[in-house]
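Computed from heavy atoms alone, side chains included, the values below leave out hydrogens, waters and symmetry copies. This chain uses plain numbering: 1 for the first residue, then up along the sequence.
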Amino acid sequence: MSLVKLSIKGISYSQTQNGAYALILNEVDGERKLPIVIGAFEAQSIAIALEKEIKPPRPLTHDLFKNFAERFDIVVKQVIIHKLVDGVFYSSIICERDKIEEIIDARTSDAIALALRFNAPIFTYKNILDKAGIYLKTNPTDPDKENPIDDVISNPESFSADAESGRAYIKYSLQELNDLLIQAVEQEDYEKAAKIRDEISKRES
């Protein structure tokens, strides 16, 4: 079976599952998206890995794993989403140590969080993408078109939990936002930090 390379499109809050997030993977050489529902902790860890400017004062679990792996010369070479059963994705982490390759089973959210930290590519099989891949419309607010992912997530192009929470920071100045960002990181509230960072990026773009 042929492998298809994926990139991370974004993370968005799931309106249908309380406390859950949807991770959107994008087909690198195509237009299909692969939505995967993940938990809040895993979403936070992935968002931290994507947001290079947010540095946790203490290592998260996936950062600890990376530090541990590097200490013992273990490298994550790639991640493969290899199975889909009853809506649940199964993944493998391909590791290497002393030129010996090992395959480790993992939850897809954990595997992707580690892939980001090791700059490892993410793949899935073509038959999985054929089965679960979708096409997102360009304009998610267009009422004349149905979005096949509407029942899973809200605002798939955004890292913010929802639009209202993002607007909460409009009233702050850029300096105040930077102060709030530092405070959020110190308090280890990375979900809040990601939202503030998103608003700062909008101002600076």
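A side chain to side chain contact (heavy atoms under 4.5 Å, CB included) with Ile81 is found for one member of Leu129, Thr108, Leu3 and no other, namely Thr108.
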Residue pair Gln78, Phe118: steps toward the side-chain contact (heavy atoms from CB on, under 4.5 Å) verdict: CA-CA 9 Å; Gln78 62 182 5; Phe118 282 90; over 6 Å; no
Thr61 and Ser45: CA distance, side-chain angles, deciding distance, side-chain contact (heavy atoms from CB on, under 4.5 Å) verdict: CA-CA 8 Å; Thr61 301; Ser45 182; over 6 Å; no
Residues Phe89, Thr124; criterion side-chain contact (heavy atoms from CB on, under 4.5 Å); working and verdict: CA-CA 10 Å; Phe89 292 92; Thr124 191; 5.9 Å; no
Derivation and outcome, side-chain contact (heavy atoms from CB on, under 4.5 Å), residues Asn178 and Leu180: CA-CA 5 Å; Asn178 280 291; Leu180 286 172; over 6 Å; no
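For the pair Leu181/Gln183, no side-chain contact is recorded, criterion being any heavy-atom separation below 4.5 Å from C-beta on. Side-chain contact check for Leu34 versus Leu6: some heavy-atom pair is nearer than 4.5 Å. In this structure, the side chains of Lys33 and Lys9 come closer than 4.5 Å at one or more pairs of heavy atoms. Counting heavy atoms from C-beta outward, Ser109 and Leu23 have side chains that stay 4.5 Å or more apart. Ile46 places a side-chain heavy atom less than 4.5 Å from the side chain of Leu50.
Taking the side chain to side chain donor-acceptor pair (under 3.5 Å) definition, one finds that Asp130 meets it with Arg32, Lys126, sequence neighbours left out.
Put simply, the side chain of Asn119 never gets that close to the backbone of Ala115: no donor and acceptor are under 3.5 Å apart.
Val85 belongs to a hydrophobic cluster whose remaining members, ordered by chain and number, are Val88, Tyr90; membership requires side-chain heavy atoms of ILVMFWY residues under 4.5 Å apart, directly or through intermediates.
Val79 and Phe65 end up in the same hydrophobic cluster when Ile, Leu, Val, Met, Phe, Trp and Tyr side chains are linked at under 4.5 Å.
Within 6.0 Å of CD1 on Ile103 lie no more than 12 heavy atoms contributed by other residues, nucleotides or ligands.
Ion pairing of Asp29 with Lys5 is absent here, as no side-chain N (NZ or NE/NH1/NH2) approaches a carboxylate O to less than 4.0 Å.
The side-chain hydrogen bond (donor to acceptor under 3.5 Å, both in side chains) pairs that include a residue from residues 67-76 are Lys66-Glu70, where partners are two or more places apart or lie in different chains.
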